[in-house]
Amino acid sequence: MKKGKKIYEGKAKILYETDKPDLVIQDFKDDATAFDATKKGSIKDKGVINNEISCALFQLLESKGIPTHFVKKLSDREMLVKKVDIILVEVTMRNISAGGLSKLLGIEEGIVLKSPVLEYHYKKDSLHDPLINDDHIELLGLATAKEMKKVKDYSSSINEILKDFFNKCGLKLVDFKLEFGRHKGRLLLADEISPDTCRLWDKKTNEKLDKDRFRRDLGKIEEAYQEVLKRIKS
Ligand code: 5GP
């Protein structure tokens, strides 16, 4: 697969054209940012680890009937994906209170939620990704009601599949963020699923094994990402 022109560079990934117009290469970087990119750093080998974890999780989800943009792993840091038109709605699913939910509702972290909480955020850095609802999505024309019904159904299924999978790896899936896109008229799960986009706590000790180690200066960041990879692979 020929690597062409750079199409887009985000905070954690770069997208490149290929010789096929409907396929792109997603190249994972070691760069890490938090708090609207006011905190910047680098995590050694994060790109390699996140590519491998994402490939494994996309394959798992595909095997359970969730359509994703994943095509194949190309190299340590590169994944071949279907080109999508990203829907500017970030979907957050939460199983345990933490981060944004604790701040929003003034509740402590670590409370197991009676049922999963789904949130939508408008993917717009200049507005700091505000919390939005279905009416806002319709008002802005970000997605149709039919697309959002699918987004919601897929997100709930993904949560059940991933919760069960991580549980078997000795990890609690606290919360995670998903992005969806359109490819040839079909809705696909896109972006990545990794310790950058999920909160993962050790089942026994509640040790944080995700990007909160970077956000909160907890140290042993690379070790945490490696640990997640090791557990997923074993
Ligand atoms: P919170 O809203 O609590 O900050 O984030 C909820 C979950 O979604 C966390 O697992 C977090 O890692 C993920 N998440 C939310 N927004 C972003 C984002 O802009 N970038 C990344 N990498 N993850 C996000």
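Along the sequence shown, residues are numbered consecutively beginning with 1. Whatever order the structure lists them in is the order used to number ligands and atoms, beginning at 1. Only a predicted model underlies this, so the values are computations on that prediction, with no experimental measurement involved. Side chains included, hydrogens not; waters and symmetry mates left out as well; all remaining heavy atoms used.
Ranking the protein heavy atoms by distance from atom 16 (N) of ligand 1 puts E90 OE1, 3.8 Å first. Protein heavy atom nearest atom 17 (C) of ligand 1, with residue, atom name and distance: K177 CE, 3.7 Å. The protein atom (non-hydrogen) at minimum distance from atom 10 (O) of ligand 1 is D175 OD1, 2.6 Å.
Grouped by direct or indirect side-chain proximity (heavy atoms under 4.5 Å, Ile/Leu/Val/Met/Phe/Trp/Tyr only), L218 sits alone. When hydrophobic side chains of Ile, Leu, Val, Met, Phe, Trp and Tyr are connected at separations under 4.5 Å, M1 ends up clustered with I14, Y16, L23, I25, V71, L74, L80.
Between R94 and ligand 1, an N or O atom pair is found at a separation short of 3.5 Å. By the 3.5 Å distance cut-off applied to N or O atoms, T92 is not counted among the residues near ligand 1.
For the residue pair Y225 / D196, a side-chain donor-acceptor distance below 3.5 Å is found, with atom types taken as modelled. Between the side chains of D76 and N51, no donor-acceptor pair of N or O atoms lies under 3.5 Å. Side-chain atoms of T205 and D202 form a donor-acceptor pair, as typed in the model, at a separation below 3.5 Å.
Between F58 and H69, a ring centre-to-centre spacing shorter than 6.0 Å is recorded.
Relative to atom 3 (O) of ligand 1, the option among A37, A12, G100, S97 with the closest non-hydrogen atom is G100.
Only the side chain of R215 comes within 4.0 Å of ligand 1, judged by heavy-atom distances.
At a 4.0 Å cut-off, not a single heavy atom of E192 sits close enough to ligand 1 to count as contact.
Shown in contact with R199 at under 4.0 Å from a heavy atom are these atoms of ligand 1, numbered in order with element: 1 (P), 3 (O), 4 (O), 5 (O), 6 (C), 9 (C), 10 (O). Per-residue contacts place C198 under 4.0 angstrom from the following atoms of ligand 1 (heavy atoms of the residue considered): 10 (O). Numbered from 1 in the order shown, with element, the atoms of ligand 1 that lie under 4.0 Å from a heavy atom of G99 read 3 (O). Near D196, the atoms of ligand 1 lying under 4.0 angstrom from a non-hydrogen atom of the residue are 12 (O), 21 (C), 22 (N), 23 (N).
Judged by distance alone, the side chain of K152 and the main-chain N or O of E147 form no donor-acceptor pair under 3.5 Å. Under the 3.5 Å distance criterion, the side-chain polar atoms of R199 are left unmatched by any main-chain donor or acceptor of D175.
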